[in-house]
Amino acid sequence: MMKEIMLGNKAVARGAYEAGVKVVSAYPGTPSTEITENVSQYDEVYAQWSPNEKVALEVAFGASLAGERAMACMKHVGLNVAADPLFTAAYSGVSGGLVIAVADDPGMHSSQNEQDSRYYAKSAHVPMLEPSDSNEALKFTKLAFELSEDYDTPVIVRMTTRTSHSQGICELGERIEASKPYKKNIDKYVMMPAKARPRHVFVESRENKLRLDSSGMDINQIEYKDKEIGIITSGMAYQYVNEAMPGASVLKLGIVHPLPEKLIKEFCANVEKVYVVEELEPFLWESINALGVKLEPRNTGVQGELSVIKVKKAFGIEVDEKELVKDLPVRPPVMCSGCPHRGLFHILQKNKVTVCGDIGCYTLGALAPYNAMDAVLCMGASVSMNLGMEKAKGIDFAKNTVSLIGDSTFFHSGITGLVDMIYNDGHGTVIILDNSTTGMTGHQPNPSTGKNAKGEVAAVVDIEQVCRGVGVKHVVTVDPFDLKEMDRVLKEEMAREEVSVIITRRPCALIIKDDPPFYIDQEKCTKCKACYRLGCPAISIVDEKVVIDRSQCTGCTLCVGTCNFGAIIQEDK
């Protein structure tokens, strides 16, 4: 048997491949992105980046309906977007196996919240598996396709940041083929009320059967040691428990919904005290407590990511000071040198504009030195929030308010907000930051880039035409590094009595070839620090002189536009 060290997300991709998956669709979102990036490398699998997670799940459902195994991948907040098709797909069931890989982000390393996706499984009445390492990620994904077809249900595989982004040894297998012929079945798949009512009865029956069967699944494991303490856990929390409490008896759950009630009661009857260790919400604790078994009070909290140290402290174990990481240098998030968004934020700050922001690299504009963002809610909300503020405060308020949204986020869920603004007589200005990529998640293509998930040439969806197509009369494109033009365009568009769109277009600094760096002629420099106030990481003050670090400078020219004294000079090629 072949073995390979794999990232957890790569292992999910491998598991789907070995299970015979035919179609994989996703929207990039850390910590789930690498699943689709890896599965796209298999020639036997069709993989795509969808405009958003709702579309991704609908595409996967369509492939399942046709009789092929399919998977949709997303991060936890993406499951919010995909909830609409999820809840109804739970009623219709599947033909080919349908798996939803969702990655939660305890600790909010790259997210706006740390919601717990386990509640979606419970609410939608679909099974959820939770691997604790890369090898289980591979095995559980394969099993998820089998369970999906055996029980006629979508199955969710829950990853977390640590299971997604840690590596482990995986046992590799061969790919199987699992194609089925398409069969028309109106009663099963057309979810109008008369058809949906009997399917709800089926859903409840299916869940009860899964609940009984789950106790016999070997993905749940009892490890008896010292029976004075018994710990029920799952996923990455198991790894922390295993290291922090090596002498305790453990029930590791591989399926977290529906719970293997018989197995849980058996374990609880054989240990003196039972604790539940889990990340985020008391999902397991509440469900197990409802079974009538006696549990000790929760001791790991509902906020942040667990660790070995946190588990030790929760059980009163003294922590060696050598285990504590202290006094690390602070490294605040910052836009890269040469970032195309920096010029825009400089102008927004200069004009003291109220900014409704969105999800992307540009969210960093809320931080010093710009502080040029007033609110961030969720994907696409910048446009809708802008309209809401206008309707609450009037047109004069709207003339000093803009929406800020990236090109990928615009296609994800900004278009509908723009339609809303047009339809409901809005007057706001929407700024679309087009950097020719989905930058925050690692430079995946989007509908405007001309490439698909496999790197092949794809159709280009023209942002300007989309805006005009929904009724925007004033659409202007500008280079955000042309500060004077950026300032002029911003003022002109904000003064309009109707909706306008500004597209700031310049590629991400990390996907273009660097130009020669700049340096500062100290004889010409007046130390006015106008360039320093841009907040570029390459510009700093050393010995009371403003200097440019040539190793960080990308030659983007932005700082040149701030200097009125010709002191910033580009090196020769």
Side-chain angles (χ1 to χ4, degrees), residues 23-29 33 36-37 39-41 45-56 58-60 62 72-74 78 81 338-341 343-344 358-362 379-380 382-383 403-419 421-422 430-482 486 489 493 499-513 556:
V23 173
V24 175
S25 48
Y27 182 81
T33 307
T36 310
E37 289 181 330
V39 85
S40 69
Q41 303 304 309
V45 182
Y46 170 80
Q48 72 168 51
W49 293 120
S50 298
N52 63 35
E53 295 85 359
K54 178 179 183 291
V55 173
E58 290 161 350
V59 168
C73 313
M74 60 204 69
V81 181
C339 176
H341 306 325
L344 170 62
D358 228 296
I359 307 296
C361 299
Y362 46 89
M379 298 282 280
S382 60
V383 187
S403 301
L404 225 59
I405 188 167
D407 49 337
S408 181
T409 310
F410 176 70
F411 287 114
H412 179 283
S413 46
I415 297 173
T416 48
L418 188 59
V419 171
M421 190 176 273
I422 291 290
V430 176
I431 304 177
I432 303 172
L433 296 84
D434 182 5
N435 63 352
S436 305
T437 190
T438 310
M440 185 172 65
T441 52
H443 303 99
Q444 293 76 32
N446 67 56
S448 71
T449 61
K451 296 285 185 181
N452 64 20
K454 288 182 174 284
E456 302 160 341
V457 175
V460 175
V461 180
D462 189 298
I463 297 176
E464 285 95 332
Q465 287 191 40
V466 170
C467 294
R468 291 191 174 96
V470 301
V472 182
K473 297 177 182 176
H474 302 280
V475 182
V476 58
T477 301
V478 62
D479 181 350
F481 279 2
D482 187 340
M486 184 74 250
V489 168
E493 297 307 313
V499 175
S500 64
V501 170
I502 301 170
I503 300 170
T504 62
R505 179 164 290 144
R506 178 176 275 259
C508 172
L510 300 181
I511 63 173
I512 58 175
K513 185 177 179 180
C556 74

| Side-chain contact, heavy-atom cut-off 4.5 Å: Leu433 with Asp358? | no

| query | Is there a side-chain contact between Phe410 and Cys467 (heavy atoms, below 4.5 Å)? | reply | yes

| What distance do Asn52 atom CG and Ile415 atom CD1 have between them, rounded to the nearest 0.5 Å? | 9.5 Å

| request: Answer with yes or no whether the side chains of Gln444 and Thr33 bring together a donor and an acceptor at under 3.5 Å. | output: no

| task | Evaluate the side-chain proximity of Glu53 to Met379: yes if any heavy-atom separation is below 4.5 Å, no if none is. | result | no

| request: Evaluate the side-chain hydrogen bond (donor to acceptor under 3.5 Å, both in side chains) criterion for residues Thr437 and Asn435: first the C-alpha distance (whole Å), next the side-chain angles of each, then the deciding distance (0.1 Å), finally the verdict. | output: CA-CA 6 Å; Thr437 190; Asn435 63 352; 5.8 Å; no

| Chi angles and distances behind the side-chain contact (heavy atoms from CB on, under 4.5 Å) call for Val472, Met421 | CA-CA 10 Å; Val472 182; Met421 190 176 273; over 6 Å; no

| request: Evaluate the side-chain proximity of Ile503 to Val501: yes if any heavy-atom separation is below 4.5 Å, no if none is. | output: yes

| Would Leu418 and Val499 satisfy side-chain contact (heavy atoms from CB on, under 4.5 Å), going step by step from the backbone distance to the final call? | CA-CA 9 Å; Leu418 188 59; Val499 175; 4.1 Å; yes

| Do Val457 and Lys451 touch side chain to side chain, with heavy atoms closer than 4.5 Å? | yes

| Can you check whether Ile431 reaches Tyr362 side chain to side chain, under 4.5 Å on heavy atoms? | no

| field | From CA spacing to verdict: side-chain hydrogen bond (donor to acceptor under 3.5 Å, both in side chains), Ser408, Tyr27 | value | CA-CA 10 Å; Ser408 181; Tyr27 182 81; 2.8 Å; yes

| request: Please report the closest heavy-atom contact between Arg506 and Cys556, naming both atoms and the distance. | output: NH1-O, 3.9 Å

| Student check: side-chain heavy atoms of His412 and Val81 closer than 4.5 Å | yes

| query | What heavy-atom pair brings Ala509 and Gly338 nearest, and what distance separates the two atoms? | reply | CB-O, 3.3 Å

| message | Less than 4.5 Å apart, side chain to side chain, heavy atoms only: is that true for Ile502 and Leu344? | response | no

